[in-house]
Structure formats: C-alpha cells, structure tokens
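Worksheet for the structure shown next.
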Amino acid sequence: MSSIHCHFSSSRWQMHELPDGRGHVCGSVLLDGRRLASEDALARLEPVVDHDIWHQRLAHLNGFYALVRQTTSGVVAAVDRVRSIPLFYGIQGNACYLSDDADWVRQRVGEVSVDDEAKADFELAGYVTGRDTLFRRVKQLRAGEALVVSDAEPAVSLSLARYYRFQDHVMPTQDDGRSQARLEEGVEAACQRLVEAANGRQIVVPLSGGYDSRLIATLLARCRYPRVLTYAYGYRDNQEAKVSREVARALGLPWTFVEYSQQAWGRVADSEAYWRYQQWASGWNGIANMQDWLAVKQLTEQGLVEPGSLFAPGHCCVTGFVPPDVFEARRAGRLMPEGELGEALRQRHFMLNTSEEGEALFAERVLPRLAMDYPLDVPLEPDEFIRWFVQFGWQERQAKFIVNSVRCFEFFGHDWWMPLYDRDFMFVWQSLPLHWLEGRAGYVDFVETLFAEVSGHRAPLGNAAQQSRRSLRARLSRLAALRRGPGAHLKRMVARLLPGLARGNTLASTGRFPPEALERLRAQGYSHNGVAAQLFLERFC
C-alpha cells in the first residue's frame, strides 16, 4: 500500500484543517496587494483540469511562502518564485516523503552515499543544480515550482510543474524615462508591502556599500518608517562599511558596525551552533552563506536587534553579471558561438576551483548535466543567450545561495522580507528593455537619483562592494598562481611582512578555516567558498 508522509521541522509552519484533509502554510501569501488567509492560499493550490489556469493562479501570488495541501488522494506542494522556503521530497518503495528538512527525507529514503555528479556541482559552484541534492534520492522543488503527488495503487506517482520562470518579457519599446517611472512604481509598492509585513516591528537592513540595500534604506527613510536599524560589518575601516555609514548618516537612519576579524571567526568556528547552522541551512544542496551570521549573532546577543525583528536584505532580481560580449554581439547583429553559453556559465558560477583539475571536473561531470537543460551546443541569438544565462542565475545561484541566506535570520529567531524580490517588482524588471542589463546602468542611475532626492547627498557614492572586489588585494588573492608552489610561498612571506595587505577579504573570514586545511585546499586551487564547500563535504559527507 502506498503512502505519503509530510514532516515540518520549523515552528514557522501553521497547520489548518480542510474539508478534505489538512493544509500547511509557511510564510506570507499575497494577492493583489492583500494578505490571503491560509485557507484561501491553500485553495489556490488545488489543481484544476486546465493546467494553464492553475499555473496562472499560482503565478499571480506574491509574498514569500511554501504551501502544502494534503488530502486523501495525495499532496500538492509549492514554493514561491525564489524558493525562499525550500521543500524537499523523496520516494522509498511505495512511500513518498515531503519535508522542509532535507535530512529527514534523506533518512526516510535510506540514502547514505553522496552522488558523484552532484558533488562535482557542489565543489565547483557551492550548490547542486537542478532538482538534485547531494543525495540522489533526495530532491528539491525549484524556484517557481509545484509538486503533485497522487496516492494511487500500486505506487505513488509524482508530477512537477514550473508555474513561473524569471525570463525577459517581449514588451513594446519604451524610452528610458518611462522605464524609470515604472521602476519607481514597482519599488514603492514593494516598500509598502515590506512596511505592512513589519507591522510596526523593527526593520533591520544589512547595509552594504552597494546599490540594492541602499535602495531599501532610501525607501524606508522616504516613507519615514519609525523603527529602522542599519548595520555593516567586516574588518575595521573597510571601504564598504565607510560607504554604508555615510549612506545611513545622509538618510538619518541609525547605524551600527560589527567588527570582523580572523580571531572573532576563530572563536565561533568550532562551536556546535556554527556547524549545526551550516548543516541545517545547506539542505544537502549548497553551502550556507555565512557573511551575515556573525553580525546577526552579536547584534542579537547585544540586544540591538529586538526579538522577532524583520530583516530586509538587499537580495535583488536586478542582475549585473551578463557577459559584456553578448551586448557587443547584439549591437553587431551576430550570433553567440556554439559552446559560449556553457563557458559563460562556468566562468560566472563554477569557479570555486580554478585549477586544471577543476576545469576537467567541470567538463567531465558538470557540463553534461547542464546540456540536459540548456542549449549549449548550438549558436544562440544574443537575446536568447541572455535569457538562458539570467534564468540560470535566478534559479540556481540566487535561489540556492543568495536567497537561502535568510536562514541566518531564522536561526537567531528573527523574521525577514525581501522587497527587491517582490513579485511585481520582478515583473517590472523582466519587462524592461534588455539593454538595461548591461552594467545595470539605468538601475544604478535610478538608485543614485532617488538617494540624492531623499538624502540631499548629491555626490555619487558608487558601489563600494564592487570596488572591493576590484581592489589589488582582492585581485591578488584570486590569482591561481598565488595558491600553490612558489606563488603560495611568496604570498605567505607577504602576509608576514605586510599584514594589512594580507588580511584577507572584507569579512576576514579566512579565520573560519583551520590554517592547515586552508593552506592545503588553497594549494589545490580552491577559492574561499571552495574551501568552505570542501570542509563541509569532509565533515558531513
């Protein structure tokens, strides 16, 4: 006899009795600007005969949520358009298991061995692509996806539906002025929904030196939300923190700083909480994004962040990483060559090991997996190339690494909201002309103009986060020649003679890693996140 088992480990889930079963809701579901009652949200999850109508009903939902509807005939589950609350599933015999806890599913399906192909993804990108996880029989819902499980004899049957994809919409040509106006309408509405979600609670903004979090802070200052805290972190006097402080000062917002150092990371790196968080947040799918973890821990312990506060990180659908060559090809009216999409994906997403071994691993293990979902072996029109490249970034790196960092806020007992992943704001960005993706120039101008209007600060502050990545120290640290042999020896000498230059990235987070392991893995060509991925695998897999 077949059976379906659901398990929810987070206290954020709410259970509701339904006439034909029960439903489970995590997060907030919005429709046309209003929050839906759980019963109404679950009703929209019920499949109908016309699949297009069902997909449209799901695609119209806004907010950040996961939904599960369990009846006598089976289960229907869905995650939102950015997979902000992950769901995992697996089959063992005639039973199906569904949970927010990937390890619970792993145990139920009896999986103990890591899949080699999935492991290659994890080693090179820091996450597993597609619906897979590190364990072959533990699967995950992708961003904008729904799962239907039918409880029928002789075995359960599964079907999956992508009701949403983040792709460019073909829209009538519009001038940049109209595009800017639509963008402002979109962010204003997104900010209003952030304020409504906070409902008077303290809103905490991780304020980097970049444009996205600056936009959120600017919007909150403009609407005069009364309870805002902004913060920055990193080693003392880093450039991003300086810009962050200047932005907060100009907007009249409270600001605090959490100093990071190798010693500070070292004090927590062996703690039970540190490793428990990484295993839980990974979902057996990706490394945990740790950059806010130490700051949120300290701010919570110090009482600067109030219990149950709502964090508003600057995670954003506005990508700036499309290769410049594609825009040159677009202007010249030529195709992107065969194989160029695969190479562009490798250069952007699969560089946690830059050695020859890493390149060979990509060619042997990763590229064949990508070829099943992406047109890698044919020339592409530039616009089609952009759509595929952006779609990968949205459903893989953004959903599984960037967006998944909100687990950090949950871990310390707080709530979160991502206004720049608001459904309607995403739709606005999808419908803007494709040339706006080139360097995000129109978006950057919009943020700087709005910040100047609200703050009175007329001199552009630029993107300090991007400047940090382009600094001499950052560039030197990424050079493969300095990770092994004579180059590594030279780098150690520089570290002793010029400790200021060798202090590491802005987060000083090399202190997270045992020195011997760091040196060993760096010598093998692994980047900072590559070291994190390897140590995760060594500890848990």
Side-chain angles (χ1 to χ4, degrees), residues 1-10 13-26 38-39 41-55 57-58 61 65-80 83 85-115 117-118 128-164 283-285 369 372-373 395 399-400:
M1 180 178 181
S2 62
S3 58
I4 302 173
H5 306 275
C6 296
H7 167 81
F8 304 101
S9 62
S10 171
W13 285 87
Q14 298 180 358
M15 192 271 285
H16 299 271
E17 295 293 341
L18 302 174
D20 56 347
R22 63 180 54 179
H24 306 268
V25 177
C26 188
S38 296
E39 293 80 0
L42 291 165
R44 298 186 72 85
L45 194 60
E46 184 177 6
V48 295
V49 175
D50 190 323
H51 286 184
D52 288 339
I53 292 177
W54 184 52
H55 293 175
R57 278 172 32 183
L58 293 176
L61 296 177
Y65 57 84
L67 301 171
V68 177
R69 182 185 179 98
Q70 187 172 14
T71 66
T72 55
S73 60
V75 165
V76 183
V79 295
D80 62 38
R83 183 193 169 271
I85 301 170
L87 285 174
F88 306 91
Y89 61 96
I91 292 181
Q92 170 65 16
N94 292 333
C96 177
Y97 300 92
L98 175 73
S99 178
D100 61 342
D101 183 346
D103 198 54
W104 182 86
V105 176
R106 181 194 66 81
Q107 293 178 39
R108 295 307 179 277
V109 299
E111 194 73 88
V112 295
S113 300
V114 168
D115 177 65
E117 292 183 353
V128 183
T129 58
R131 298 184 178 99
D132 295 333
T133 70
L134 284 168
F135 296 95
R136 186 181 298 273
R137 288 186 292 161
V138 179
K139 304 297 184 182
Q140 61 181 310
L141 287 179
R142 303 173 84 171
E145 188 168 63
L147 166 71
V148 180
V149 185
S150 297
D151 192 359
E153 297 295 344
V156 293
S157 63
L158 279 70
S159 61
L160 292 153
R162 295 298 292 277
Y163 67 84
Y164 176 86
W284 295 129
N285 167 73
R369 283 165 55 86
M372 292 188 289
D373 293 321
Q395 69 183 12
K400 296 172 181 175

Handout entry: Beyond-backbone contact of Trp54 with Val76, side-chain heavy atoms, under 4.5 angstrom
Key = yes
Problem - His5 vs Arg108 side-chain heavy atoms within contact, under 4.5 Å - result: no
Exercise for the section: Heavy atoms only: give me the nearest Ala399-Arg83 pair and the separation to one decimal. Expected result: O-NH1, 3.4 Å
Exercise for the section: Would you check if Gln70 and Leu18 make a side-chain contact, meaning some heavy-atom pair closer than 4.5 Å? Expected result: no
Exercise for the section: Please round to the nearest 0.5 Å and tell me the distance separating atom OG1 of Thr129 and atom CE of Met372. Expected result: 8.0 Å
Problem - Check: Arg162 side chain, Glu145 main-chain N or O, donor-acceptor pair, under 3.5 Å - result: no
Practice task
For residues Leu134 and Asp115, determine if any side-chain heavy atom of one lies less than 4.5 Å from a side-chain heavy atom of the other.
Solution key: no
Handout entry: Check: Tyr65 main-chain N/O paired with Asp80 side-chain donor or acceptor under 3.5 Å
Key = yes
Problem - Side-chain (Arg142) to main-chain (Gln395) donor-acceptor, under 3.5 angstrom - result: no
Problem - Gln140 side-chain N/O to Phe88 backbone N/O, donor-acceptor pair under 3.5 Å - result: no
Practice task
List the steps, then state whether salt bridge (charged side-chain N to carboxylate O under 4.0 Å, His left out) holds for Arg69 with Asp20.
Solution key: CA-CA 10 Å; Arg69 182 185 179 98; Asp20 56 347; 3.4 Å; yes
Fill in the blank from the handout: Between the CG atom in Leu61 and the OH atom in Tyr164, the distance rounded to the nearest 0.5 Å is 13.0 Å
Problem - Nearest non-hydrogen partners of Tyr89 and Leu160, listed with the distance - result: OH-CD1, 3.4 Å
Problem - Polar side-chain atom of Ser99 near backbone of His7 as donor-acceptor pair, under 3.5 Å - result: yes
Handout entry: Parallel, tilted or perpendicular: ring planes of His24 versus Trp13, cut at 30 and 60 degrees
Key = perpendicular
Completion exercise
CG of Asp101 to CD of Gln107, rounded to nearest 0.5 Å, is 7.5 Å
Handout entry: Residue pair Tyr97 / Gln92: nearest heavy atoms and the distance that separates them
Key = CE1-CB, 4.0 Å
Handout entry: side chain to side chain contact (heavy atoms under 4.5 Å, CB included), paired with Ile91, selected from Leu158, Val109, Val105
Key = Leu158
Handout entry: Any Val149 side-chain heavy atom under 4.5 Å of Leu98 side chain
Key = no
Practice task
Determine whether Gln14 and Cys26 make a side-chain contact, defined as any pair of heavy atoms from C-beta on separated by less than 4.5 Å.
Solution key: no
Exercise for the section: Over all heavy atoms of both residues, which pair between Asp151 and Ser3 is shortest? Give the atoms and the distance, please. Expected result: OD1-N, 3.9 Å
Completion exercise
Nearest heavy-atom contact between Leu58 and Ala146 is CD1-CB, 4.1 Å
Handout entry: Residue Arg136 excluded, over 12 heavy atoms near CZ under 6.0 Å
Key = no
Exercise for the section: For Arg57 and Val48, indicate whether the former's side chain and the latter's backbone hold a donor-acceptor pair under 3.5 Å. Expected result: no
Exercise for the section: Please tell me if the side chains of Pro86 and Val79 come closer than 4.5 Å, counting only heavy atoms from C-beta onward. Expected result: no
Exercise for the section: State whether the number of non-hydrogen atoms from other residues, nucleotides or ligands found under 6.0 Å of His51 atom NE2 is greater than 12. Expected result: no
Practice task
Identify whether NZ of Lys or CZ of Arg in Arg106 sits under 6.0 Å from the centre of the six-membered ring of Phe135 and within 45° of that ring's axis.
Solution key: yes
Exercise for the section: Taking Asn285 for its side chain and Thr133 for its backbone only, find out whether a donor-acceptor pair lies under 3.5 Å. Expected result: no
Practice task
Could you check if a side-chain atom of Leu42 sits within less than 4.5 angstrom of a side-chain atom of Val25, using non-hydrogen atoms only?
Solution key: yes
Handout entry: Nearest atoms (heavy-atom pairs only) where Val68 meets Ala77
Key = CG2-CB, 4.0 Å
